[in-house]
Each structure stands twice: as C-alpha cells, then as structure tokens.
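What follows is a single structure, written as structure tokens, with notes after it.
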Number of protein chains: 2
Amino acid sequence: MSDATSGLTPEELGAYFALVEVANLLQYAVDGHLRAEGDLSYLQFQILATLTDAPGGRLRMTDLADGLVHSRSGLTYQAGLLDKRGLITRAPSPDDERSVMVTVTDAGRALVGRVLPGHVADVRRLLLDPMTAGDLATLNDVLGRVRRHMRATPPRSARPRVKRKN
Amino acid sequence: MSDATSGLTPEELGAYFALVEVANLLQYAVDGHLRAEGDLSYLQFQILATLTDAPGGRLRMTDLADGLVHSRSGLTYQAGLLDKRGLITRAPSPDDERSVMVTVTDAGRALVGRVLPGHVADVRRLLLDPMTAGDLATLNDVLGRVRRHMRATPPRSARPRVKRKN
DNA sequence: TATTGTTATACTCTATAACTATA
DNA sequence: TATAGTTATAGAGTATAACAATA
C-alpha cells in the first residue's frame, strides 16, 4: 500500500498502519475472549463496564451513548439485549420523564467481574508486555494528545440529529 | 471504567483506552470520507490499495485475505462487490487451477487515485498533525514492535479451517 | 487427503426515519 | 419547538458449514 499512499512519508505511513493493525488485532482477540467467557461483544462489555464505574451504577441513555455508539437506535438495541439478559434495568428518570436511567444489576456486575481478569490478561499479554516503561509513558502522552485533538476536531460525529421533513 | 479494570495501572489503562479510541475515531472518520468520495468501505479501500501496490496489481485470494479479513467467505463477498463494480477482475491462476488471481482494473486504480488525496489529508489532519517528529518515531518503533509481537502471538486468528464432520 | 475458493444460510449489527411522550 | 428514547425496517456485513474442483 506504500505507492498508493504516497503523500505520507514511510514513517507516517508506518505509524498509521501499525496503529490501525494493532488496535484491530487487539480488539479482535479481546472480543473473542469476551464472547467465549461471557457471551458479550466488546461494545456490550464497554457498556456494562461504563455503568459499573458510574456513581450508583446508573447513567442516562444519552450519557451512556456518548463515545460508545454512533446512533441512538444502536444503543437502544444493545440495551434491549442486556436488559433481556437481566444485566441492566431501565426506568424513566424521576427528574426528567423523557430520560431513561440505565442501571447495572448485580448480575451485570458479577458478569463484568467474571470476564475482567481474562480481559486484563489479554490486554497485558498482547499490548503491554512488549513495551518498556518508557514506551508506555510516551504512548500514553502521544495518544492522549491525539485523542484530545480528535475529540476537538469534529470528524463527523458532531453531525446533529436530522430534522424531520415537515 | 477505571474501577472495573483494576489490575492495570492508570498509565496502562490510559494507553489501552487511548489506543482503542484513537483507532476507532480515525477509522470512523476515514470510513465516512471513503464512502462519501468513492462509495467504498474502509475494507474495500484496503483491498484495492493492497492490490494497487502488488506487483502487476495481482494477488491470489488467499494472499489478499491475509490480515485484511477473518474468514474466506468474507473476502469472497467483498471481492464479489468490487468485481460487480468493475474495480477488480478474477480469473483462475494458470499455475494452480485451484487459486484465483485478483487483479485491479484501470477503473479500480483510478478510484483509488481519486479518493487517496482526501484519505491522506484525513490521516494527516486527525492523527499526524498533533505529533512531533520525535513522537512519530517513537510511535512507529513501539507500535511496530507490538505489531510483530501480536502477529507472533496467535490470538485466535491462527484458528485453522474447521474440518468437515465426516 | 489437503487446499482453494464459492455458496447457502442464518445471524448480528447498524442506520435512517417515523413516532411517542415530555419539557 | 426541541429533546429523549423507541420502533420499524431495511441493508450491510460476517461466520459456519457444506460443496466442487484441483493438487
């Protein structure tokens, strides 16, 4: 792909491809483990883990969607699956009757606790083991900066909800 | 997600999450651009670009699949779409009649050439701009090492083709 | 028997738009 | 009128297993 992507130096190209491939391999491996251990997709694990860390284990649908998913209906779909399995509950918010509060159940917390050790082991084995402490610090710094930059540079996520035609 | 992922230090956690989020944001943005400019998914772009750089613009299906896709039928499906659009051709290999040689057509090369400037611009703007030359060198080194490690550490991709039941 | 690739099928996931209800 | 969420629907993509053809 080097010729096809001229316009980037070999070093830029290498960093770009390595980043994409490493992230893909990591997610593929980790996803496989989560499905095998807990019948969870990576997204479902992220949802449960996010709730687990939220105060009271509860978040509004909108706040939960943030960063995890690109469409509202996508989250509704996933929440429906988790709800059906008794891993979360949904109830209208007392504050704002339009909102829905999502809460992890004990079963949900238990499942996260069950798959977590293997998940962490995967991340350590695949991603962290071949790094030195210095590598880790640099990666943390650079990728943290890039992440802030990307969040601030609305790619397409900032796309507002499409208006009705009438 | 910090509590839920204890077992990793904050720095390890930060690097892991930053990596996944950066790669996801980048792919989401880039995929959107490729679809808008050339009606191509990221995977389809990767297939065309890989072929474009191959000697003679040709590769066997099996060699093309390597790294891009996780199942054979997945590549057949994508190749079918690209073939239908006249971006590639498929023909049995003269050497080994079992193999299929995939070749980019002129139209395929033209399309890659058309979407490439925008693609490169996206990568530069989102990923590379906030990096110093030193950052780039380090990232290249570390991620390159991690990639080799991951490729050598069969996660689940090494899963051989399942044997028939009889 | 092993390898290459395709196909049939079933399933998961995603996104758009229309819709309801509340603010 | 704007916001929160659901639903209907349709489409894209994926994976497994069975299959045919060649080595």
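Here is how names work: the chains are called A, B, and so on, in the same order as the sequence lines, proteins then strands, and each is numbered from 1.
- Contact annotation: the side chain of B:F17 never approaches that of A:L143 to less than 4.5 Å [non-hydrogen atoms, C-beta and beyond].
- Residues from residues 92-101 of chain A placing a heavy atom under 4.0 Å of any atom in DNA chain C, listed by number, are A:D96, A:E97, A:R98.
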Below 3.5 Å is the cut-off: list the nitrogen or oxygen pairs between protein and nucleotides 8-15 of chain C, distance only.
unit_1, atom_1, unit_2, atom_2, d
C:dT14, OP2, A:Q78, NE2, 3.3
C:dA15, OP2, A:S71, OG, 3.2
C:dA15, N7, A:S73, OG, 3.0

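- Side-chain atoms of B:D31 never come within 3.5 Å of backbone atoms of B:S41 as a donor-acceptor pair (strictly under, hydrogens ignored).
- Taking atom CG on B:D39 and atom C1' on D:dA12, their separation rounds to 12 Å, with Å as the unit.
- For the residue pair B:T138 and B:D135, no side-chain donor N or O sits within less than 3.5 Å of a side-chain acceptor on the partner.
- Between B:F45 and B:H119, the angle of the ring planes lies from 30° to 60°, which puts this pair in the tilted group.
- Summarising the geometry, the separation between CG on B:L68 and C1' on D:dT14 is reported as 15 Å, rounded to the nearest angstrom.
- The separation between B:D63 atom CG and C:dT3 atom P is 15 Å, rounded to whole Å.
- Using modelled atom types and a 3.5 Å distance limit, the side chains of B:R109 and B:T52 yield no donor-acceptor pair.
- Considering only residues two or more places apart in sequence or on other chains, A:E12 meets the salt bridge (Lys or Arg N to Asp or Glu O under 4.0 Å) condition with B:R124.
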Working for side-chain contact (heavy atoms from CB on, under 4.5 Å), residues A:L43 and A:L68
CA-CA 7 Å; A:L43 176 56; A:L68 292 182; 4.2 Å; yes
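- Distance B:Y42 OH to D:dG13 C1': 18 Å, rounded to the nearest Å.
- Here the P atom of nucleotide D:dG13 and the CG atom of B:L82 are 10 Å apart, to the nearest Å.
- Two residues are said to be in side-chain contact when any heavy atoms from C-beta on lie closer than 4.5 Å; B:R90 and B:T103 fail this criterion.
- Rounded to an integer number of Å, the gap from CZ of B:R72 to P of D:dA20 is 18 Å.
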